[in-house]
Amino acid sequence: MQVRFLGHDGPDWLLRGVVTGAGAAPESADQWAYRLFASTVVVPSFSPRENGVAIALSIPDAAGR
């Protein structure tokens with residue numbers, strides 16, 4: 001299985017993503033994951049957590065935008 005990892009870091013946070021399947025292929029022109037990351041706003045309003053503990057990510061529905 002082909003896998004592509006995406007990431008962007010900021011002060012005290014790291015946004016990570018994993019793309020699998022056809023979108024992860026080197027020849028793929030599918031850019032949805034990059035567009036999603038580019039349009040994501042990180043609001044670090046949480047208390048510091050232990051290193052390596054993931055924070056749940058929820059994507060709002062189209063009506064909530």
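Atom set for the values below is all heavy atoms of this structure, side chains included, hydrogens, waters and symmetry mates excluded.
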**Message:** Return the OG to CZ distance between Ser28 and Arg4, rounded to the nearest 0.5 Å.
**Reply:** 6.0 Å
**Message:** Count I, L, V, M, F, W, Y as connected when their side-chain heavy atoms are under 4.5 Å apart, and connections chain through other members. Are Leu36 and Tyr34 then in the same cluster?
**Reply:** yes
**Ser39 (side chain) donor-acceptor with Arg35 (main chain) under 3.5 angstrom** = yes
**Item:** Non-hydrogen atoms of Ala33 and Leu6 that approach each other most closely
**Value:** CB-CD1, 3.5 Å
**Asked** Any link between Leu15 and Val19 through a network of hydrophobic side chains (Ile, Leu, Val, Met, Phe, Trp, Tyr) touching at under 4.5 Å?
**Response** yes
